[in-house]
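Naming: A, B, ... by sequence-line order, numbering from 1 per chain.
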There are 2 protein chains.
Amino acid sequence: MEKEILIYDTTLRDGTQGEQISFSAEEKLRIAKRLAELGIHYVEGGWPGSNPRDIRFFQLAKNLRLEHTSITAFGSTRRPGTTPKQDTNLEALLEAETQSVTIFGKSWDLHVTAILGISLKENLSMISDSIAYLKSMGKDVFYDAEHFFDGYKANREYCLETIRAALSGGADSIVLCDTNGGSMVGKIKTIVEEVRSLFPDITLGIHAHNDCGLAVANSLAAIEAGATIVHGTINGYGERCGNADLTAIIPNLILKMGRRCIDGSKLTLLTEVSRYVSDIANIPPLNERPFVGRSAFAHKGGVHVSAILKKPLAYEHIEPGVVGNKRRVLVSDLSGKSNIDYKANEMGISLGGNGYGSREIVKEIKRMEDLGYQFDTAEGSLELLIKKTTGQFEEPFSLLFLRVINEKDRNGQTNSQATIKISVGKEEEITAAEGNGPVNAIDNALRKALQKFYPAVSEMRLVDFKVRVLEGSAGTAAKVRVLIESRDGKDIWNTVGVSENIIEASWQALVDSIYFKLNKETMR
Amino acid sequence: MEKEILIYDTTLRDGTQGEQISFSAEEKLRIAKRLAELGIHYVEGGWPGSNPRDIRFFQLAKNLRLEHTSITAFGSTRRPGTTPKQDTNLEALLEAETQSVTIFGKSWDLHVTAILGISLKENLSMISDSIAYLKSMGKDVFYDAEHFFDGYKANREYCLETIRAALSGGADSIVLCDTNGGSMVGKIKTIVEEVRSLFPDITLGIHAHNDCGLAVANSLAAIEAGATIVHGTINGYGERCGNADLTAIIPNLILKMGRRCIDGSKLTLLTEVSRYVSDIANIPPLNERPFVGRSAFAHKGGVHVSAILKKPLAYEHIEPGVVGNKRRVLVSDLSGKSNIDYKANEMGISLGGNGYGSREIVKEIKRMEDLGYQFDTAEGSLELLIKKTTGQFEEPFSLLFLRVINEKDRNGQTNSQATIKISVGKEEEITAAEGNGPVNAIDNALRKALQKFYPAVSEMRLVDFKVRVLEGSAGTAAKVRVLIESRDGKDIWNTVGVSENIIEASWQALVDSIYFKLNKETMR
C-alpha cells in the first residue's frame with residue numbers, strides 16, 4: 001500500500017510573504033483552527049525569530065489542543081560565527097515550544113558564497129550543528145533545503161553534501177525546495193527520483209513555488225517520485241507568484257491519484273476553508289481557482305448548459321459537492337434559452353403566459369449588459385429583472401426626492417447626511433439620517449422611511465459594497481458599477497447598479513437589495 | 001532540430017466563455033492586432049455560427065493585413081440528420097472567409113449517445129464529411145477532438161476511430177482536448193505518446209483546461225510527448241477555471257525548454273499584452289500571475305530583499321525584463337531596513353539627517369497599515385509619507401471647507417455639486433463645480449480652485465478609482481479604502497485613502513495625488 005501523504009501548510013508563514021497578505025496573531029490562530037478541522041497534518045505558524053507578532057502567535061497557540069495537527073515553528077540555521085546555543089534565532093524557535101520545528105539552510109553554493117559570504121564548509125557545519133542542537137532539545141526537526149533544485153543543477157555534489165550534513169545532525173525529514181519556482185515538472189521528477197535512490201530510507205518533502213505556473217504539477221510529480229510530505233498554502237498565497245496551492249493539491253491527491261492524505265470526508269470543507277482564509281486575508285477570492293473557486297463549476301455557453309442539464313459529468317470533471325463547491329449556471333449574452341430556463345426554475349419563477357419567453361429575457365439582459373450591468377455576480381438583480389419583464393413584480397415603494405450632503409472642514413472628518421422622501425401607495429414619508437459615508441446615510445434614511453410600512457427591512461443588512469470603474473469607450477464618461485451584498489438571518493443576495501454617478505449606481509443597487517428582501521417576504 | 005511549436009490563441013473564442021469576460025467585435029479586433037504583434041501563429045476569432053457579434057468580427061477582420069498570423073474561425077461538425085452543405089453552422093464558418101477553420105467533434109462515446117442522442121456511427125460520418133466538405137472548399141482544417149482524454153479513458157477504440165474519421169476527411173491537424181480539465185500530467189503525457197506512435201506523421205495539438213490547476217503543465221507535457229500546436233488564452237481566461245495560460249506557456253517553452261515558438265525578441269511584449277487584454281476584459285490583472293503579474297518579481301521579506309540587492313539571480317528564476325516585467329521591492333510591516341533603503345533610493349529621496357532613519361519609517365508604515373492603508377499598491381502615497389516623516393515635504397495648500405451635495409428626484413438621474421474653500425499661503429479661494437458623482441465633483445472643484453496657483457494641475461487626470469470595503473473587526477464600523485490612479489503626459493502614480501466615509505477616503509487619495517503631482521513639478 002502506498003504511503004500516506006502528510007500535508008504541511010505554510011499559509012501563516014510563507015503565505016504572509018505574499019503581496020497584500022498580512023495576518024494578526026489572533027487571525028493566525030483562527031486560521032490554524034480551521035486548518036486543523038480540515039485535517040491538515042502540520043501548520044507552520046510563523047518565524048518567531050523574525051517578528052513580535054509571530055512570537056505572540058506561538059504564545060497563544062500553546063493553549064490550542066489539536067488532535068491530529070501539529071503546529072510547527074520556522075527559523076533558519078544558526079548565523080555564521082556563533083554557536084547554536086548562542087543563536088537568538090534558534091532561541092526564539094525553542095521558545096515557541098512546539099514539538100516540531102523547521103529550519104532552512106542553503107543548498108546552493110551561490111547563496112553560500114555570494115549572499116552569506118562564508119565558506120562552503122562553514123555552511124555544512126551550520127546545518128549539521130543547528131539540527132543536532134534542536135534534536136538535543138527533544139525536537140522533531142524538518143530540514144528545508146532552500147534552493148535545492150537550483151543547487152542540484154549548479155553543483156550537484158555540494159548540494160548533496162548539505163543533505164548529508166542535515167542527516168548527520170539528525171534531521172527527521174528533508175524537504176526539497178524549489179525556492180525560486182523556476183523548475184520544470186520533468187526535472188523535479190528526475191531529481192527527486194535520484195535523491196530518493198541515493199537516500200532510500202529518509203522521509204522526503206517537496207516545497208514548490210509557482211513562478212512558472214507549475215507549483216501544483218511539481219508537487220504532484222515529486223510525490224510520484226517518492227516524496228511523502230507536501231508543503232503549500234491555502235489558495236496558493238505566497239511571495240511573487242505564490243506557493244503550491246493546497247486547495248488543488250489535496251483534491252488531486254485524493255480524487256485523482258487515489259493517495260491517502262487528509263481524511264476524505266473532510267474534503268467537503270475545502271471550499272469553505274479557502275474562502276475563510278481569503279476573507280481573513282481580505283483578498284477577493286479568485287473565481288477561477290481550481291476546485292474551490294466560485295466559477296470552478298460555472299457554465300455559461302448554451303451548448304454546455306443544455307448538456308449539463310442532461311448529464312453533469314459531460315462538462316464536470318468531478319461532482320462539485322465533493323469539495324464543498326456547487327454548480328452554477330450563468331446568465332449573460334452568450335446564454336441560450338437553457339440558461340434562463342435553468343435559472344428561472346432555480347429561482348422558482350414561472351415563465352411564459354405573459355408574452356415573455358426566455359428569449360425576450362435574454363434580449364433584455366443583453367441590453368442591460370451593454371450598459372455595464374453584470375448579472376452573473378448579481379443574481380438578486382437578475383431575479384428582479386426576470387420578474388419585472390414577465391410582469392411578476394410590483395414596486396413596493398417609489399422615490400420622490402433624495403439629497404445627500406457631505407461636509408468636511410479644516411479639522412474634521414467628513415460627515416454625511418441624507419434626506420429622503422418616498423411614497424408607498426398613497427402615503428408619503430419624509431425623513432433624514434446620518435451615516436458613515438453617503439451610501440450608508442442613504443441606506444439608513446431609506447430604511448427609516450420604510451420601517452412603518454415594511455418592518456422586515458430591519459432584519460437585513462448590507463455586508464459588502466464593491467465599486468468598479470468601467471472604462472468608457474473614447475468620448476464617453478467612465479461609468480461606475482456598484483455591487484452590493486446583503487444578508488438577513490437566512491439568505492445572502494447580490495444586487496447591481498450602474499451609472500456615471502456613484503451615488504446613483506449605489507441607489508439602484510440598494511433599492512434592488514431592499515426590493516429583493518421585500519419580494520422574498522411576500523412570496524412566503 | 002526539434003520542431004517549432006505553433007501557438008494557437010483562443011482568447012477571443014474559448015476565453016469569452018469565462019465568467020465576466022465579454023468582448024465587442026471592435027475589442028476583439030484590437031486584441032487580435034496585439035496578438036499578431038506578439039507573433040502568435042493562429043488567432044481564433046470566434047464562433048460565427050453562434051452569435052452576430054462574431055459574424056461582425058470576421059467581417060471587420062477581412063481588412064486586417066497580418067504578416068505572420070492567421071485568423072481562424074471556429075464551429076462544430078454538421079448537425080445530425082443533415083448534410084454539410086445544408087448546415088447553417090458550416091455555412092457561417094465559410095462566410096467568415098478565413099483560410100483556416102477549426103471544427104470540433106465528439107470523441108467520447110458518452111457525449112455521442114447521452115448528449116447528442118445519435119449513433120456512434122453517425123458521429124463518425126459527421127466528423128469525416130464535415131471536414132471533407134471544408135477541405136473541398138479549400139480550407140486548412142484543424143480538428144478539435146473534444147473530450148479526447150476522457151473518451152480515451154472510457155472507450156479507447158472508439159475514441160481512436162473518431163481520429164481516423166477526421167483524418168479520412170482530410171483534417172490537416174488533430175487537436176487533443178482535455179475539455180473538462182480533469183486529467184493528470186502523467187496521463188496526458190502517456191496518452192499523447194500513444195497517439196503519436198499510432199499516427200506518426202500527423203500534426204498533433206493540445207487544448208488543456210485548468211480545472212485541476214494543471215493546464216500549463218499538461219500543455220508542456222503534451223509538447224514533450226510530440227504535440228506541436230498548443231492552444232491557450234492570454235491570462236488563462238476561459239470557462240470555469242480557465243484555459244491553459246499562454247503567458248506562462250510561451251516563456252516556459254522559450255526560456256526553460258529551449259523550444260522555438262514565437263520570435264524570442266517579442267517576449268518582451270508579453271507583460272504588456274497580458275495587461276492590455278485584462279484591461280479590455282475589464283478584469284483586474286492577477287498580481288500573482290506567473291511571469292507577467294505585478295507581483296511576479298516583487299520581494300517583501302527582508303532576507304530576500306537584502307539578497308536581491310546583492311545578486312538578483314538569488315531569488316529570481318529569470319531576469320524580469322526578458323518578459324517585459326520588472327522587479328519591485330515592497331514596503332510593509334514585514335519589511336526590513338533594506339526595503340526602505342531600496343525604495344528611497346529608487347525614489348531619489350535622501351534619508352537620515354533629520355533624526356529619522358529607515359526604521360522609524362517602517363514603524364510609521366506599520367501604524368498606517370494597522371489603520372487599513374496599503375502602500376505596496378500606492379507608491380505615490382508612500383513617497384509622500386517618506387518625505388513627510390523626514391521633513392522633506394511642505395503642503396502646497398490647505399482645505400478650509402468642503403461640501404458635496406447629491407440630489408435625485410423621482411425622474412432624474414443623480415447630480416453632484418461640490419463647494420470648496422482652500423488656502424495657499426495667505427490667499428484664500430472659494431469655488432464650486434459639478435461632476436459625474438461626488439468624487440468627480442470634488443476633483444473638478446479642487447483643481448478649479450488650485451488652477452491660478454498651480455497651473456500644472458491641468459496636466460494631470462484621474463484615470464482609475466478603486467474602492468474596497470475593509471471588514472472591520474467585531475464592534476467596529478467597516479472602513480473603506482480608496483485607491484486612485486492618476487496620470488500626466490509622462491507618469492502614472494497611485495495614491496490611497498482610508499476612512500469609514502468614502503468621501504473622506506476619496507478626499508485623502510485625491511489630495512495625495514495632487515500633492516504628488518505638485519511635488520514632482522517643484523523637484524524638476
Side-chain angles (χ1 to χ4, degrees), chain A residues 17 19 111 114-115 180-182 184-185 210-214 216-217 239-242 245 248 252 256 287-288 290 295-296 298 300-301 307 310-311 314-315 317 330 376 399-410 413-414 416 436-438 464-465 467 469-470 477 500-504, chain B residues 17 19 111 114-115 180-182 184-185 210-214 216-217 239-242 245 248 252 256 282 287-288 290 293 295-296 298 300-301 307 310-311 314-315 317 330 376 399-410 413-414 416 436-437 464-465 467 469 477 500-504:
Chain A
Q17 299 281 333
E19 188 164 357
H111 266 261
I115 307 294
N180 290 4
M184 296 289 100
V185 181
N210 201 36
D211 296 75
C212 294
L214 298 170
V216 171
E239 185 150 39
R240 305 187 311 272
C241 307
D245 186 351
N252 277 325
K256 303 287 175 152
N287 283 337
E288 316 85 65
S295 305
K300 182 165 163 186
K310 291 179 190 161
K311 211 167 181 70
Y315 285 99
H317 69 121
L330 306 179
D376 45 7
L399 176 75
L400 301 177
F401 178 76
L402 172 68
R403 180 193 294 132
V404 197
I405 299 180
N406 309 281
E407 282 185 347
K408 176 181 171 69
D409 63 19
R410 183 199 290 262
Q413 290 278 311
T414 306
S416 301
N436 298 315
D464 197 12
F465 174 78
V467 182
V469 177
L470 309 174
E500 289 173 5
N501 190 312
I502 192 174
I503 301 293
E504 169 68 25
Chain B
Q17 299 282 334
E19 188 165 356
H111 267 261
I115 307 294
N180 290 3
M184 296 290 100
V185 181
N210 201 35
D211 297 74
C212 293
L214 298 171
V216 171
E239 185 149 38
R240 304 186 312 272
C241 307
D245 187 351
N252 277 325
K256 303 287 172 147
N282 199 10
N287 283 337
E288 315 85 64
S295 305
K300 182 165 163 184
K310 290 180 192 160
K311 213 168 178 66
Y315 285 98
H317 69 121
L330 306 179
D376 45 8
L399 176 76
L400 300 178
F401 178 74
L402 171 68
R403 179 193 294 132
V404 197
I405 300 181
N406 310 281
E407 282 185 347
K408 176 182 170 67
D409 63 20
R410 183 198 289 264
Q413 289 277 311
T414 308
S416 301
N436 298 316
D464 198 12
F465 174 77
V467 182
V469 177
E500 290 173 5
N501 190 313
I502 191 174
I503 301 292
E504 169 68 26

*If you count heavy-atom pairs under 4.5 Å with chain A, which of B:Gly213, B:Ala248, B:Gly242 comes out on top?*
B:Gly213

*Based on non-hydrogen pairs under 4.5 Å, which of B:Glu288, B:Arg240, B:Arg403, B:Arg410 is most in contact with chain A?*
B:Arg240

Pairs of heavy atoms under 4.5 Å with chain B: top-ranked of [options]:
{"options": "A:Ile503, A:Asn210, A:Asp409", "value": "A:Ile503"}
{"options": "A:Ala217, A:Ala298, A:Cys212", "value": "A:Cys212"}
{"options": "A:Ala114, A:Gly437, A:Pro290, A:Gly182", "value": "A:Pro290"}

*Tell me, side chain or backbone of B:Val185 under 4.5 Å from chain A's heavy atoms, or both, or neither?*
side chain

*Is it the side chain or the backbone of B:Leu214 that comes within 4.5 Å of chain A heavy atoms, both, or neither?*
side chain

*Side-chain donor-acceptor pair under 3.5 Å between A:Lys311 and B:His111, yes or no?*
no

_side-chain hydrogen bond (donor to acceptor under 3.5 Å, both in side chains) partners of A:Ser416, counting only residues at least two apart_ = A:Asn406, B:Asn501

_Side-chain (B:Asp211) to main-chain (A:His317) donor-acceptor, under 3.5 angstrom_ = no

*Taking all atoms of both residues into account, what is the closest heavy-atom pair of A:Ala314 and B:Asn180, and its distance?*
O-ND2, 3.1 Å

*Side chain, backbone, both or neither: which part of A:Val216 has a heavy atom under 4.5 Å from chain B?*
both

*asked:* Can you tell me how far apart OG1 (A:Thr414) and CD (B:Glu500) are? Round to the nearest 0.5 Å.
replied: 11.5 Å

*Are A:Glu504 and B:Lys408 close enough for a salt bridge, meaning some N to O gap below 4.0 Å?*
yes

